[in-house]
Amino acid sequence: LGTSWYAQPTYQLNASADQQQLRTLQLQDGSEVVLNLGAQVHVRYFRDRREVELSAGEAFFSVSPDATKPFLISVGDAEVRVVGTRFNVRRSDQGVAVAVEQGTVQVDPGTQGLAPQLPTNEIGSWRTGMLIFRDRSLGELAQELSRYLDRPVLVGDAQLAAKRVSGSLDIHQPELFLQALPLLLPVQISRTDDGRVMLQPR
């Protein structure tokens, strides 16, 4: 009886953010999670640990310290282990990206591997509605645009994908940024019948 009692969650929450609005979750212990557009989380607290599964997208965590209950985030088969800190976790095709604003975390990337890590000044910048990026590759930026446009953005050339770009993106109006991209880089934009966006050298 004792074992099954211990294994029962004391608190559960399933939440997601749609493609139009960021969502802020206040958890039972005072921790806060901000969900980026399209993100999904499943929260379960037990008597000896706190667990969150990030099943899609990106989230920024402000974790209330509790040394007796570690805060565990699973992203596929990757795991992030925390006591109390502020950090960003992103799930993407490139793997798992964890960016720490304050405190320390332990990351076990599992089979997915770690994606490129963000500079400190860009961590969680999307929470203001403006995604700041400095010297990022167009390939990385295309992944961000895919998320905010909610359709694939593909770079049709490896040399083009490697080109570096800096700027800011209004996450609520990604189409405007896409239309301005040819002003920043020698790129032309086309769209396929199934809705994908193709970036080709100009």
Side-chain angles (χ1 to χ4, degrees), residues 13-25 27 31-43 50-63 71-82 84-155 161 164-174 177-178 197:
L13 174 69
N14 295 328
S16 59
D18 61 27
Q19 283 299 128
Q20 278 70 52
Q21 199 165 359
L22 302 175
R23 186 168 177 193
T24 300
L25 308 174
L27 303 185
S31 297
E32 183 180 277
V33 183
V34 185
L35 301 181
N36 202 342
L37 306 182
Q40 293 181 353
V41 292
H42 309 285
V43 181
R50 300 170 283 175
E51 291 183 354
V52 176
E53 179 191 355
L54 178 63
S55 53
E58 180 173 26
F60 188 92
F61 296 85
S62 299
V63 176
F71 198 96
L72 307 169
I73 300 162
S74 59
V75 188
D77 68 350
E79 186 177 86
V80 182
R81 185 183 179 92
V82 185
T85 186
R86 291 165 55 81
F87 59 101
N88 194 84
V89 180
R90 177 172 54 188
R91 182 176 189 160
S92 74
D93 296 342
Q94 292 178 301
V96 179
V98 180
V100 180
E101 183 180 272
Q102 178 187 315
T104 55
V105 301
Q106 293 174 297
V107 181
D108 174 0
T111 57
Q112 299 172 88
L114 286 173
Q117 303 305 292
L118 291 176
T120 306
N121 60 349
E122 295 178 37
I123 295 171
S125 65
W126 51 266
R127 289 175 295 154
T128 65
M130 295 297 291
L131 179 71
I132 309 297
F133 50 93
R134 299 272 180 272
D135 194 37
R136 302 269 285 278
S137 73
L138 183 60
E140 285 180 68
L141 192 56
Q143 280 217 334
E144 299 277 13
L145 277 167
S146 297
R147 188 140 44 95
Y148 295 118
L149 287 164
D150 200 24
R151 66 178 64 102
V153 178
L154 306 171
V155 186
R164 316 302 289 184
V165 62
S166 299
S168 59
L169 161 67
D170 182 340
I171 66 173
H172 300 293
Q173 297 183 303
F177 181 86
L178 186 64
V197 177

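Just so you know, residue 1 is the first one in the sequence shown, and it goes up from there. Computed over heavy atoms, backbone and side chain alike; hydrogens, waters and symmetry mates excluded.
F177 has its side chain out of reach of D170: every pair of non-hydrogen atoms, C-beta onward, lies at least 4.5 Å apart. Side-chain contact between L141 and V155: absent, with no pair of heavy atoms (C-beta onward) separated by less than 4.5 Å.
In terms of heavy atoms, A78 sits closest to P109 at CB-O, 3.4 Å. Of all non-hydrogen atoms in A17 and R23, the two that sit nearest each other are CB-CB, 4.0 Å. Nearest heavy atom pair, residue A59 against residue V33, reads CB-CG1, 4.0 Å. S55 approaches H42 most closely through the heavy-atom pair OG-NE2, 3.4 Å. Contact detail for M130 and S168: the closest heavy-atom pair is CE-OG, 3.6 Å. Between S137 and A161, the closest heavy-atom pair is CB-O, 3.5 Å.
The structure places CG of N88 at 7.5 Å from CD1 of I123, a figure rounded to the nearest 0.5 Å. Here L37 contributes atom CG and Q19 contributes atom CD; the two are 5.5 Å apart, rounded to the nearest 0.5 Å. Taking CD from E79 and CD from Q106, the interatomic distance works out to 9.0 Å, rounded to the nearest 0.5 Å. The CD atom of Q40 sits 9.0 Å away from atom CG of L54, with the distance rounded to the nearest 0.5 Å. One distance of note links CD1 of I171 with CD of Q21; it measures 10.5 Å at 0.5 Å rounding. Taking OG1 from T24 and CG from L35, the interatomic distance works out to 8.0 Å, rounded to the nearest 0.5 Å.
The number of heavy-atom neighbours closer than 6.0 Å to CZ of R164, taken from other residues, nucleotides and ligands shown, is above 12.
Using modelled atom types, one side-chain atom of S166 and one backbone atom of D135 make a donor-acceptor pair closer than 3.5 Å.
With sequence neighbours excluded, the residues forming a ring-ring contact (aromatic ring centres under 6.0 Å, His included) with F87 are F61, listed by chain and number. Residues satisfying the salt bridge (charged side-chain N to carboxylate O under 4.0 Å, His left out) test with R127, not counting sequence neighbours, are E101.
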Item checked: Worked verdict on L22 versus F60 for side-chain contact (heavy atoms from CB on, under 4.5 Å) -> CA-CA 11 Å; L22 302 175; F60 188 92; over 6 Å; no
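For the residue pair S62 / R86, a side-chain donor-acceptor distance below 3.5 Å is found, with atom types taken as modelled.
Counting only residues at least two apart or in different chains, side chain to side chain donor-acceptor pair (under 3.5 Å) contacts with residues 144-153 comprise N36-Y148, E58-R147, R90-E144, R136-E144, E144-R147.
Each of L13, L25, N14 was scored for a side-chain contact (heavy atoms from CB on, under 4.5 Å) with V41, with one residue passing: L25.
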